[in-house]
Amino acid sequence: MDLSTELIDWYQQNKRDLPWRNTTDAYLIWLSEIILQQTRVEQGMPYYYRFAEKYPTVSHFAKAPEDDILKLWQGLGYYSRGRNMLKTAQLVQQQYNGVFPTTYQELIKLKGIGEYTAAAISSFSANEPRAVVDGNVYRVLARFFGIDEPINSPKGKKLFQQLADEALNRQHPALHNQAMMEFGAMLCKPRNPACGICPVRLGCVAFASNATTALPVKLKTVKVRKRFFNYLLITDGGNLLMNKRGEGDIWANMYDLPLIETDGLMEPEALLQLPEIVDFFGENAVIKQKTTVIKHILTHQQLFIRFVILDVAPLKLKKNWFYTTVRNTENLAMPKTIFIFIKDFFNF
DNA sequence: AACCCGGGGGC
DNA sequence: GCCCCAGGGTT
């Protein structure tokens, strides 16, 4: 038996009884599909009941004030879904005389309906042979066929849509799509998949190679964190206030200057007003000099560094702060940017 | 192609 | 803290 047949068998024995599975009303299916976008079934369920009761047809929905829709949507997140639904309901009411479309070609034109949702509605309401590709389907296909192409690359998306199309049971599109997703949600889960009771484990490439945890592959956009470092330089000419960095951050256990990290770019004058600064330096700290902001690029972080030369001695020392002679800074392991600044400042 | 949108749950 | 959830729209 092929994958689809096996999964449909599994589905018919193990499926959850979900309200939107007991109808072919395209409007109600649309309602459920929009609610369930990026939303767990358990979270979306009460919203589905409330919407279906208050707006039993698309005509009822189309007449609703946007405030009412958003109020009912409250707590579900991604609120543009609610706004798009109203636009779509109004369009369906006017252009389609209140009859919700069931063909992929018509559905895909509507606000808030993309490839997945168009495939879902058309297959569930009219058995149009369109393969859905959602998070579950990506996972099931990637594991079963052992595909390590990233699911969120353009190439990967195309590949998985092709695989899904090939795997589609064209005699039973609705059943097939439901089965694929339910299987992914209940058994072939992201973590701790129940391979022990999986009906298709013998045909599963990932199971055979013990690679289920590694699939699917997802490109994680190496998101670069922006950080704002305000370094304080405090010296009497011979001695310099330094800081020894701790664990768990860049430059661990190395040395730098007393650091005030802020959430955004902050002018030194404003910096001195921060309660934490006042606590250490009093209210009479004078800015003797300040540098421009230096951009320091690391792999995962962009540091915006500014040095502020203060004409004040701290009232007390923070943990890890200590004085050393300017000469001795040459013996301390420091980030290059810091060391260069100190070297230039003291002209050695 | 990158970014934004959100609350909730699992680990 | 990070990942993921029945994704889609905008730039």
Side-chain angles (χ1 to χ4, degrees), chain A residues 7 11 15-23 26 28-48 51 70-88 104 107-125 130-143 150-158 160-161 164 173-194 212-226 248-249 300-301:
Chain A
L7 294 190
Y11 172 72
K15 66 175 175 178
R16 293 169 287 183
D17 185 18
L18 304 177
W20 46 85
R21 284 179 176 159
N22 301 322
T23 180
L28 290 175
I29 292 169
W30 167 70
L31 194 56
S32 72
E33 289 301 336
I34 304 296
I35 287 175
L36 292 174
Q37 285 171 0
Q38 293 293 286
T39 305
R40 293 167 193 278
V41 165
E42 305 77 51
Q43 189 188 359
M45 186 87 77
Y47 287 85
Y48 173 79
F51 271 96
L70 291 177
K71 180 62 184 173
L72 208 51
W73 200 272
Q74 186 178 103
L76 199 50
Y78 284 144
Y79 296 94
S80 64
R81 288 184 290 176
R83 294 193 296 272
N84 285 335
M85 283 183 93
L86 183 53
K87 288 180 194 164
T88 289
Y104 183 94
L107 290 162
I108 194 72
K109 298 178 190 165
L110 302 175
K111 279 273 185 206
I113 297 182
E115 289 183 34
Y116 161 77
T117 307
I121 299 175
S122 62
S123 65
F124 296 154
S125 67
R130 295 275 180 177
V132 296
V133 183
D134 74 334
N136 295 305
V137 176
Y138 277 122
R139 190 166 54 253
V140 172
L141 293 177
R143 287 176 177 168
I151 62 173
N152 56 343
S153 69
K155 190 176 168 187
K157 284 182 184 176
K158 202 170 168 186
F160 280 96
Q161 183 68 58
L175 255 182
H176 169 93
N177 282 336
Q178 293 284 14
M180 289 287 286
M181 291 195 285
E182 187 78 341
F183 178 75
M186 304 297 290
L187 197 154
C188 196
K189 297 176 291 182
R191 266 169 287 200
N192 300 7
T212 51
T213 58
L215 296 175
V217 173
K218 195 169 184 176
L219 243 38
K220 38 181 169 282
T221 45
V222 201
K223 58 178 173 195
V224 180
R225 184 158 64 120
K226 292 185 191 326
D249 197 357
H300 300 283
Q301 302 184 20

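Sequence lines set the chain letters: A, B, ... in the order given, protein chains first and strands last, and positions in each chain run from 1. What you are looking at is a predicted structure, and each value in this text was computed from that prediction instead of being measured.
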**Message:** If you assign A/S153 and A/G77 each to the DNA chain B nucleotide with the nearest heavy atom, which residue ends up on the more 5' nucleotide?
**Reply:** A/S153
**Residue whose closest nucleotide on DNA chain B lies nearer the 5' end, A/L76 versus A/K155** = A/K155
**Request:** Under the side chain to side chain donor-acceptor pair (under 3.5 Å) rule, collect the residues that match up with A/R83, sequence neighbours excluded.
**Result:** none
**Pairing stems for DNA chain B [at least three consecutive pairs; Watson-Crick or G-U; under 3.5 angstrom]** = B:1-5 with C:7-11, B:7-11 with C:1-5
**Complete:** Sequence neighbours excluded, the answer for ring-ring contact (aromatic ring centres under 6.0 Å, His included) partners of A/Y138 is A/F160
**Pairwise C1' distance for C/dC5 and B/dG6, with rounding to whole Å** = 11 Å
**Fill in**
For A/Y104, the ring-ring contact (aromatic ring centres under 6.0 Å, His included) test, sequence neighbours excluded, returns none
**Request:** Can you sort out the partners of A/K158 under salt bridge (charged side-chain N to carboxylate O under 4.0 Å, His left out), two or more places apart, ordered by chain and number?
**Result:** none
**Asked** Roughly how far apart, to the nearest Å, are B/dC3 and C/dA6 at atom P?
**Response** 25 Å
**Asked** Got a sec, which residues hit side chain to side chain contact (heavy atoms under 4.5 Å, CB included) with A/A214, two or more places apart in sequence or on another chain?
**Response** none
**Donor-acceptor contact below 3.5 Å, side chain A/R130 vs main chain A/S123** = no
**Prompt:** How close or far is atom C1' of B/dG9 from atom CG of A/N192, stated in whole angstroms?
**Reply:** 14 Å
**Message:** Just the rounded figure in Å: distance from P of B/dG7 to CD1 of A/I35.
**Reply:** 17 Å
**Prompt:** What pairs with A/R139 under side chain to side chain donor-acceptor pair (under 3.5 Å), at least two apart in sequence or on another chain?
**Reply:** A/N136
**Footprint string (nucleotides 4-11 of chain C, 5' to 3'): B base within contact, S backbone only, - free, heavy atoms under 4.0 Å** = BBBBSSS-
**Item:** Partners passing side chain to side chain contact (heavy atoms under 4.5 Å, CB included) against A/R191 (at least two apart in sequence or in another chain)
**Value:** none
